[in-house]
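Data block below; observations after.
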Amino acid sequence: MALDNGKVLLMPLISKMYCSSSEELFVVRRRPTVVSGGGFVVTDCSQKVIFKVDGCGVLGTKGELVLRDGNGDALLIIRRKGGFIEALSIQKKWRGYTFDFEGFEKLVFTLKEPIPISNSCLATNNNPIRISTESPSTSSNNNIHDSNYFKIKGKFPERECTIVDSRSNIVAQVGVKEEVSELMKTSKDLYHVVVKQGIDKAFIFGIIAVLDYIYGESTRC
């Protein structure tokens, strides 16, 4: 995380209200597809609902996700890019959008799916997923700064992964706390996410929503 004279620098991508001056621990609980249409709920240590994620089972549309706040209001619309050219591409792209004051969509991030091992000799298990973020200074031109990016390292399906920034600083960690490790041996419906101080947690859980879909979990149908 960035510090300025000992003070934590907030790095909002969705809103400053989702950046904390201290490290935060969250619990992710997947919703059953049959009963609730899938997706997942994010709570804090006091069991207050912070975010909800709706996927295909709720929205009825493949390749689309919605991150909502605790009140159910949409914060992020996330779509997998379609079209003929995208269909021919080995590496699929996801784009996350928030809304400006006039209600128009505003690009926040672009995530490239990992190349399937069976589809390319260039693909390896060690290739991290890369996320490019929209630079506030160039948002009017819809450009992406090469320096504004994050990487996902590790194995999300095994709940052992980290999200790092362009300087390799850890901004979030996905894992399982010891107290639920026994439960996780038979179920992956519950896991923990640590978000570092100053980092936009709405952005982090937007990324986790995409990972959930990519690896065929609760948001996919």
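All values below come from the heavy atoms of this structure, side chains included, with hydrogens, waters and symmetry mates left out.
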Does the [X] side chain pair with the main chain of [Y], one donor and one acceptor, at a distance under 3.5 Å?
{"X": "T98", "Y": "L75", "answer": "yes"}
{"X": "S132", "Y": "T110", "answer": "no"}
{"X": "D200", "Y": "S15", "answer": "yes"}

* Provide the closest heavy-atom pair for D44 versus S46 in the form atom of the first, atom of the second, distance. =>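 Nearest heavy atoms, D44 then S46: OD1-OG, 2.8 Å.
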Side chain to side chain, [X] and [Y], heavy atoms closer than 4.5 Å:
{"X": "F205", "Y": "V53", "answer": "no"}
{"X": "V171", "Y": "F150", "answer": "yes"}
{"X": "R80", "Y": "Y213", "answer": "yes"}
{"X": "I77", "Y": "F99", "answer": "yes"}
{"X": "I208", "Y": "F40", "answer": "yes"}
{"X": "L13", "Y": "Y18", "answer": "no"}
{"X": "I129", "Y": "E113", "answer": "no"}
{"X": "K196", "Y": "N169", "answer": "no"}

* Indicate yes or no: does R79 engage E105 in a salt bridge with an N to O separation below 4.0 Å. =>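 Salt bridge flag = yes for E105 with R79.
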* Is R159 salt-bridged to E217, going by a charged N under 4.0 Å from an acidic O? ->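 A salt bridge is present here (some side-chain N lies under 4.0 Å from a carboxylate O).
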* Apart from L25 itself, what residues make up its hydrophobic cluster when side-chain heavy atoms of I, L, V, M, F, W and Y under 4.5 Å apart count as a link, directly or indirectly? ->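 Cluster partners of L25: V194.
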* To do: Find the distance between CD1 (I163) and NZ (K153) and round it off to the nearest 0.5 Å.
  =>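 So the gap between those two atoms works out to 12.5 Å.
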If you look only at distance, which donor and acceptor atoms sit under 3.5 Å apart when one is on a side chain in residues 54-65 and the other is two or more places apart or in another chain?
unit_1	atom_1	unit_2	atom_2	d
D54	OD1	R31	NH2	2.6
D54	OD2	R68	NE	2.8

